[in-house]
Engineer: 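Please read through the structure below; I'll follow up with questions.
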There are 2 protein chains.
Amino acid sequence: MTEARKPGFSDCNNATLRRAARSLGRFYDDALASSGLKGTQFGLLFQIHVSNEPAMSTVADALIMDLSALGHTLKPLIRDGYVETFPDTNDRRIKRLRLTPQGQAKLDEALKLWSVAQRQFEGKVGAEQAAKLRAALDAVADLDLEMPTAAPSP
Amino acid sequence: MTEARKPGFSDCNNATLRRAARSLGRFYDDALASSGLKGTQFGLLFQIHVSNEPAMSTVADALIMDLSALGHTLKPLIRDGYVETFPDTNDRRIKRLRLTPQGQAKLDEALKLWSVAQRQFEGKVGAEQAAKLRAALDAVADLDLEMPTAAPSP
DNA sequence: TTTAATTAGTGGCATATGCCACTTTCGCCG
DNA sequence: CGGCGAAAGTGGCATATGCCACTAATTAAA
């Protein structure tokens, strides 16, 4: 036996990941609080900002997020006038996204707050280490995980 | 020139972590689907299982979760008869938690499904690597992060 | 011991996410 | 061309999480 495992911390990769996400999420949320944005909203605005008037499905894909979940998450941002949608000229199914001027301004404001949190975090764990962790997380996120369900392809 | 670069989306530790959590969460959720439990519920049942009739605040603490959030998350599990509460004999403020026999059975059932997912995951990234990642995540979760902008304590 | 400060939970409100059932469009055939 | 299956979104339902305001019970002060 290795050691007396502390009774409470499971080996579950998922549980560990969620726990860390809750912890870090609160930190970033606190940092962004004065802007009125949550960490997720900031991330979403940023993703739209760096994309080229992306379709909703494109953003959902990039963030590995359910399309309907994206739709829901987008609502408060549209309601508050930070994001607007407009139809694709070629495919009427597609709704493209872009930041409004206010959205752009809000993002700029939030970026300042974000960078403080980011520096704070990297100061604690080290920029190197943080980069490595992000790389590992991206690798995990992009894994092609599939449960060995019955009947793969007949 | 330290500037002139837009912080790539992937530079945000929080966004990267959430993205990975969404991805992995879906995988574990899929694996547990037939049990009717979500990954978070499984984790919560497990935490209660390995603890000794813990108080709600103890569980919330272990999972780095807001106490009220725990209360909400607990509701469906109590409603479905997997968890029950009972008052602490010494401190009437405290509500302790335990699994019901059905909860225990459901956990046993879910553990089988979970281990398949867990093996699947570790088969992809390697058990060593997975353990390292969990350690890194636990370290991040337990960091004492605080924004320096907080009011100076007199 | 009466009171102030703290701790444990609850309930309400708001966002975050997912799945499923539908609807509208497209693109691809036969 | 007409129909069919895939793709993009929407809306509803349910869980996941947090914060805030409030209540009840304890403990530390005065």
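The shown structure was predicted, so the numbers you read here are calculated from the model rather than taken from an experiment. Letters A, B, ... are given to chains in the order of the sequence lines, protein chains preceding strands, and every chain is numbered from 1.
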Engineer: Flag the pair Pro76(A) / Gln41(A) as yes when at least one side-chain heavy-atom distance between them is below 4.5 Å, and no otherwise.
Structural biologist: yes
Engineer: With the 4.5 Å side-chain cut-off for hydrophobic clustering, are Ile78(B) and Phe86(B) part of the same group?
Structural biologist: no
Engineer: Are Glu128(B) and Arg134(B) within salt-bridge range, i.e. N to O under 4.0 Å?
Structural biologist: no
Engineer: Indicate every side-chain donor-acceptor pair of residues 101-109 of chain A with a distance under 3.5 Å to a residue at least two apart or in another chain.
Structural biologist:
from      : atom 1 : to        : atom 2 : distance (Å)
Gln102(A) : OE1    : Thr100(A) : OG1    : 3.4
Gln104(A) : NE2    : His49(A)  : ND1    : 3.4
Lys106(A) : NZ     : Ser35(A)  : O      : 3.0
Lys106(A) : NZ     : Glu109(A) : OE1    : 3.1

Engineer: Can you check the Arg26(B) CZ to dC20(C) C1' distance for me, whole Å?
Structural biologist: 13 Å
Engineer: Tell me, please, which residues at least two apart from Tyr82(B) pass ring-ring contact (aromatic ring centres under 6.0 Å, His included).
Structural biologist: none
Engineer: Round to a whole Å and report the spacing from NE2 of His72(A) to P of dT15(C).
Structural biologist: 13 Å
Engineer: Atom CG of Asp61(B) to atom C1' of dT7(C): distance rounded to whole Å?
Structural biologist: 12 Å
Engineer: With sugar-phosphate meaning primed atoms plus P, OP1 and OP2, does Ile64(A) contact a base, only sugar-phosphate, or nothing at under 4.0 Å between heavy atoms?
Structural biologist: sugar-phosphate
Engineer: Taking for each residue the nucleotide of DNA chain D with the nearest heavy atom, is it Met56(A) or Arg22(A) whose nucleotide lies nearer the 5' end?
Structural biologist: Met56(A)
Engineer: Rounded to the nearest Å, what distance is computed from the CZ atom of residue Phe27(B) to the P atom of nucleotide dC19(C)?
Structural biologist: 14 Å
Engineer: In residues 74-97 of chain A, what residues come within less than 4.0 Å of DNA chain D, judged by heavy atoms?
Structural biologist: Lys75(A), Arg93(A), Ile94(A), Lys95(A)
Engineer: Between dC19(C), dG18(D), dT17(C), which one does the side chain of Ser68(A) approach most closely?
Structural biologist: dC19(C)
Engineer: What's the closest nucleotide to the side chain of Ser57(B) if the choices are dA16(C), dA8(C), dT17(D)?
Structural biologist: dA8(C)
Engineer: Can you tell me the distance, in whole Å, between the CG atom of Asp66(B) and the P atom of dC20(D)?
Structural biologist: 10 Å
Engineer: Indicate whether the side chain of Gln118(B) and that of Asn13(A) have a donor and an acceptor atom separated by less than 3.5 Å.
Structural biologist: yes
Engineer: Just the rounded figure in Å: distance from P of dG18(D) to OH of Tyr28(A).
Structural biologist: 17 Å
Engineer: Given the rule in the side chain to side chain contact (heavy atoms under 4.5 Å, CB included) test, do Phe46(B) and Cys12(A) qualify, once you have shown the distances and angles that lead to the verdict?
Structural biologist: CA-CA 10 Å; Phe46(B) 186 83; Cys12(A) 182; over 6 Å; no
Engineer: How many Å lie between CG on Leu67(B) and P on dG18(D), as a whole number?
Structural biologist: 11 Å
Engineer: Figure out the NZ/P separation between Lys38(B) and dT17(C), and round it to whole Å.
Structural biologist: 13 Å
